[in-house]
Amino acid sequence: MSITKLLGIKYPIFQGGMAQIAVSPLVGAVSNAGGLGVIGSGGFTAERLRDEIRKAKASTDKPFAVNLMLMMNNIPELIEVIIEEGVKIVTTGAGTPAPYMQTFKENGIIVIPVVPSVKIAKKMEALGVDAIVAEGTEAGGHVGETTTMALLPQVVSAVSIPVVGAGGIADGRGVAAAFALGAQGVQVGTRFLATVECPTHENFKQAVIAADDTSTTVTGRSLGGPVRSIKNSMIAEFLKLENENASREELEKLSLGSLRKAVFEGDTEHGSVMAGQICGMCNEITTVEEMITTMFEEAQAVLQNLSKISVIGA
Ligand SMILES: O=C(O)COc1ccc(-c2c[nH]c(CNC(=O)Nc3ncc(Sc4ccccn4)s3)n2)cc1
């Protein structure tokens, strides 16, 4: 079954469930534009999640999902709210949904984990998840080590359930490439940061607009949690400490609250501007509607033109 039919959406695009960022009005705008709006519950209390779910219900009659960041310590409480509020689609990241699968199944909830490797993709399929987002290291935030170009076809070959491609996708060419590699849809995060409806501080959006293809780097490998963000003074200090084998406490002290500092206070020099490598192609702020319709019109045109190309010589 196609992703659009499974989820009841017009375009096969998920908005990344970015912690602290994927909230109203971004989520409702994505669902109203025909994609899958996803509430990012990372760091939320149960009541904050309930509030965001009710705001999404008030802003769209289309499907939307909740993303669970599984490293958090209040997942059971968040799932209770998801069930009470009747949300039927959950994406997950940064851990395994295994402990919660029976509850999801009993409540008819579609589960779509984001995975960074073939091994984890196969583990998820065995758990009975409904589809998989294969996310390449190009993505922003918490990432694996494999690129989308290498990861996506290997995951497609390894599982029998639908695969969505993520990491480095921000225009119709990226959508067409993901479909060429066997994906049935795409997940996009960074490109949504350059939208009118993205609720971050304007400085955060300008940092994404100003960035180029080499503006991001990965920190946190020494902590076992690699995270891609735009290079700034805090990141330079973090890398210096990592190279000096600083303690976990020292590193976490530096990064604690850094996401909020950038997202809400607009301190993009000392906060964490999580974004993917495609930020170099996000050069203007548009509405979500413009972004999604342009992306899929472009993708359709690219696929039609590709069908006229012969890759085998005469
Ligand atoms: O062990 C298993 O079975 C599963 O193991 C997994 C291991 C990793 C993953 C994974 C990697 N990437 C993703 C999906 N993407 C993400 O989760 N991206 C994120 N970005 C920011 C986040 S919040 C944060 C704040 C500070 C430091 C770290 N993270 S979470 N999931 C999924 C599963």
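If you're wondering where the values come from, they're calculated on a predicted model, not measured in any experiment. Atoms within each ligand, like the ligands themselves, are counted from 1 in listed order. No hydrogens, no waters, no symmetry mates; every other heavy atom, side chains included, goes into these values.
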Going by the order shown, which atoms of ligand 1 are within less than 4.0 Å of some heavy atom of [X]?
| X | result |
| --- | --- |
| Val227 | 27 (C), 28 (C) |
| Gly141 | 20 (N), 21 (C) |
| Lys123 | 1 (O), 2 (C), 3 (O) |
| Val114 | 14 (C), 31 (N), 32 (C) |
| Glu135 | 12 (N), 13 (C), 14 (C), 15 (N) |

- Message: Minimum distance, heavy atoms only, to atom 10 (C) of ligand 1: which one of Gly17, Ala94, Ser258 is it?
- Response: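 The nearest heavy atom belongs to Ala94.
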- Message: Quick check: closest heavy atoms across Ala22 and Gln15, and the distance to 0.1 Å?
- Response: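 The pair with the smallest heavy-atom distance is CB-NE2, 3.1 Å.
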- Item | Gap separating the CD1 atom of Ile230 from the OG1 atom of Thr217, nearest 0.5 angstrom |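 Going from CD1 on Ile230 over to OG1 on Thr217, the span is 12.0 Å.
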- Item | Pairwise distance CE(Met281) to OG1(Thr190) - rounded to 0.5 angstrom |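 Result: 10.5 Å between the selected atoms.
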- Query: Would Glu269 and Ser233 count as having a side-chain donor-acceptor pair, cut-off 3.5 Å?
  - Reply: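 The answer is yes; a qualifying pair exists.
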- Query: Is Met18 touching ligand 1 with its side chain, its backbone, both, or neither, if touching means heavy atoms under 4.0 Å apart?
  - Reply: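 No part of Met18 comes within reach of ligand 1.
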- Task: Have a look at ligand 1 and work out which part of Met69, if any, has a heavy atom under 4.0 Å from it: side chain, backbone, both or neither.
- Result: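 The answer is the side chain of Met69.
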Give a yes/no on ligand 1: does [X] have at least one heavy atom closer than 4.0 angstrom to it?
| X | result |
| --- | --- |
| Leu259 | no |
| Gly144 | no |
| Pro116 | yes |

- Message: Quick check against the 3.5 Å criterion: does Arg228 have a side-chain atom that pairs as donor or acceptor with the backbone of Thr137?
- Response: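 Such a contact is found between Arg228 side chain and Thr137 backbone.
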- Query: In the protein, which heavy atom is nearest to atom 25 (C) of ligand 1, and how far is it?
  - Reply: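 Closest protein heavy atom to atom 25 (C) of ligand 1: Met274 CE, 3.6 Å.
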